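Predicted model only: the values in this text are computed from it and were never measured. Per chain, numbering begins at 1; letters A, B, ... match sequence-line order.
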Amino acid sequence: MLKARVIPCLDVNEGRVVKGVNFVDLVDAGDPVEQAQLYDAAGADELCFLDITASHENRDTIFDVVARTAEHCFMPLTVGGGVRTTDDIRKLLLAGADKVSINTAAVHNPDFVREASEKFGAQCIVVAVDAKRVDAETREPSPDGTRFEIFTHGGRKATGIECISWAEKMADFGAGEILLTSMDRDGTKNGFDLALTRAVADAVPVPVIASGGVGNLDHLVDGITEGHASAVLAASIFHFGTYSIQEAKAHMLAHGAPVRMDEAIA
Amino acid sequence: MTIALIDYGSGNLRSAAKAFERVVQDLGRSDDVAVTNDPDVVARADRVVLPGVGAYADCRAGISAIDGMMEALDEAVIARAQPFLGICVGMQLMATTGFEFGETPGFGWIPGAVQPLAPADKTLKIPHMGWNELFWVGYQEHPVLKDLANGQHGYFVHSYQFMPEVSEHLLAVTDYGGPVTAAVGRDNLVGTQFHPEKSQAVGLKLIENFLKWTP
C-alpha cells in the first residue's frame with residue numbers, strides 16, 4: 001500500500017536554514033545541504049526547501065543550495081519560494097529539484113498553474129496554500145473563525161479567497177499536490193489545524209501535505225488519521241533534534257499511520 | 001562507457017544524472033554520464049536513459065523537436081541494442097500510444113497503451129504519489145532486478161500507467177486500488193514507473209544493476 005510520507009521542511013533564507021515562528025523571529029538552524037544529507041540518511045521520505053526570501057532578493061542562492069543537495073540526496077526534493085515562470089521551474093529542475101511549489105504566483109495568475117502542469121506534468125507542480133481562519137461574518141482574522149481564507153507573502157497579505165474552493169480550483173488547474181499550511185498554527189507546536197486539513201483533503205482529488213504547528217509525534221499521526229492528509233511536513237521538531245525521523249515513523253506506524261520503514265542509506 | 005541521459009527540455013535531469021554519477025563512483029568506474037540533447041552522442045552511447053518528469057504529449061513533442069533524436073534512439077537502442085532505461089514518462093514513451101492531454105503515439109517499442117490511473121476506491125488520490133511496495137513478477141531472473149526484494153519501496157509520482165499488451169513484458173507491479181504497473185521490459189529495454197533516482201538504496205541498486213547489465 002501507499003505509505004504516508006514524513007517530510008522535513010527546511011526554510012531557507014539567503015542560503016541558511018531558518019525556522020520562523022509565525023514566519024517572523026528567524027533563528028539560524030544551519031547549513032541546508034548538511035541537513036538534507038542527514039535527513040536522506042535518516043530515511044526521510046521527501047525533503048522540502050522553502051526559499052522564504054526568494055520574493056525579495058538573492059534568488060540565485062537557492063539554485064546553488066538545490067544543486068549541492070542533489071549531489072548527495074536520492075529522495076524527492078520540492079523547492080518553493082518565488083516560483084513565477086516556467087523558466088523558474090525548468091531552472092529548479094535542472095538544479096536538481098523534482099517538484100516545485102507555487103504559492104503567490106498561483107494567486108496572482110491561476111492560469112500559470114495550468115501552464116506549468118501542462119509543461120512539466122501535474123506530478124511536478126505543488127500548489128502551496130497558506131490559510132488562516134477568519135470570522136465568517138466580519139472576515140477579520142480570528143483563531144476561532146470558521147471560514148478559511150488564503151493569505152500570501154508568508155501570511156502577511158489577505159486575499160479574501162476562500163480556501164477550500166481555492167484548493168479545488170488549483171487541483172482542477174493541474175496542481176498535483178496541495179501543500180496546506182495553517183498560518184494560525186505555524187510555529188505554535190499546538191498541532192495541525194485538523195478541521196482545515198480534513199476539509200481540504202476530503203475536497204480535493206490530489207494528495208494534501210499537512211503543514212503548520214507540529215510539536216509532538218501525536219500531531220503527525222493526527223494529520224494522517226484525522227486530517228486525512230497524505231503526508232505530514234514538519235520543521236523544528238526535526239531540526240532541533242527533538243525527535244528523529246525514525247522515532248517519528250515508529251510512532252506513526254504504532255498508531256495507525258502506515259509509513260515506509262525500509263533500511264535507510266548508511 | 002558513455003551513459004547518455006537525454007535532455008528533451010523537460011525532466012528532472014540533474015536529479016537523475018546525480019544518481020548515475022553516484023553509482024558510477026561507488027562502483028569505482030569511470031563511465032561518462034552525459035546529459036545531452038546531441039543525437040550523435042545518443043547514437044553512439046553504451047547506455048541510454050530517458051528520465052521522466054513531464055506530460056506525455058509534451059515529452060514526446062520535446063523529443064520530436066530535436067532534429068535526429070528519434071533516429072539516434074533507434075540507432076542506439078534498436079539497431080545496436082544498447083541497454084535502455086526509461087523512467088516514469090520515459091518508460092511510458094516506450095508504449096504504442098499515450099492518452100495524456102490527447103492521444104499521442106509513443107515509440108512503439110513495447111506494445112501497450114498508457115492510460116489514466118482509475119482506482120475503484122475513489123478516496124485514493126491521483127496522482128499516485130509517494131512510497132509504495134514493489135512486487136516483482138515475470139522475469140524473476142531479470143539482471144536489472146537482481147537483489148531487489150519483494151515489498152521494498154519505490155518512489156512513485158504519476159497519474160497514468162503503462163498497460164502492456166504482452167504479460168511477459170510486465171516486470172513489477174505495485175498496489176494502488178489494484179495492481180499498477182511498476183516496471184516493464186523486453187530484450188534490452190527496461191522501464192520503471194517509480195523513480196530509481198529518488199528511491200534511495202533500492203533505486204541506487206537498480207541503477208547499479210542496469211549499468212552492469214549486458215543483454
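Only the backbone of A:Ala44 has a heavy atom closer than 4.5 Å to any heavy atom of chain B. In this structure, no portion of A:Ala231 lies under 4.5 Å from any heavy atom of chain B. Heavy atoms of A:Val66 lying under 4.5 Å from chain B are absent altogether.
A:Thr197 places a side-chain N or O within donor-acceptor distance of the main-chain N or O of A:Asp193, the cut-off being under 3.5 Å.
Of the candidates A:Ile125, A:Ile178, A:Thr78, A:Ile209, A:Ser101 forms a side-chain contact (heavy atoms from CB on, under 4.5 Å) with just one, namely A:Thr78.
Contact tally against chain B (heavy-atom pairs below 4.5 Å) for A:His228, A:His72, A:Met75: the top residue is A:Met75. Most heavy-atom pairs under 4.5 Å with chain B, from the set A:Gly121, A:Ala70, A:Pro76: that is A:Pro76. The greatest number of non-hydrogen atom pairs below 4.5 Å with chain A, out of B:Val157, B:Thr123, B:Leu124, B:Thr174, is found for B:Val157. Counting heavy-atom pairs under 4.5 Å between each of A:Cys124, A:Pro207, A:Pro258 and chain B puts A:Pro207 at the top.
Side-chain atoms of A:Gln37 and A:Arg68 form no donor-acceptor pair, as typed in the model, at a separation below 3.5 Å. Residues A:Asp130 and A:Asn103 have side chains that bring a donor and an acceptor to within less than 3.5 angstrom of each other.
Contact of the A:Arg5 side chain with the A:Ser230 side chain is registered, since non-hydrogen atoms from C-beta on lie closer than 4.5 Å.
Legend: residues meeting side-chain hydrogen bond (donor to acceptor under 3.5 Å, both in side chains) with B:Arg44, ordered by chain and number and at least two apart, are absent.
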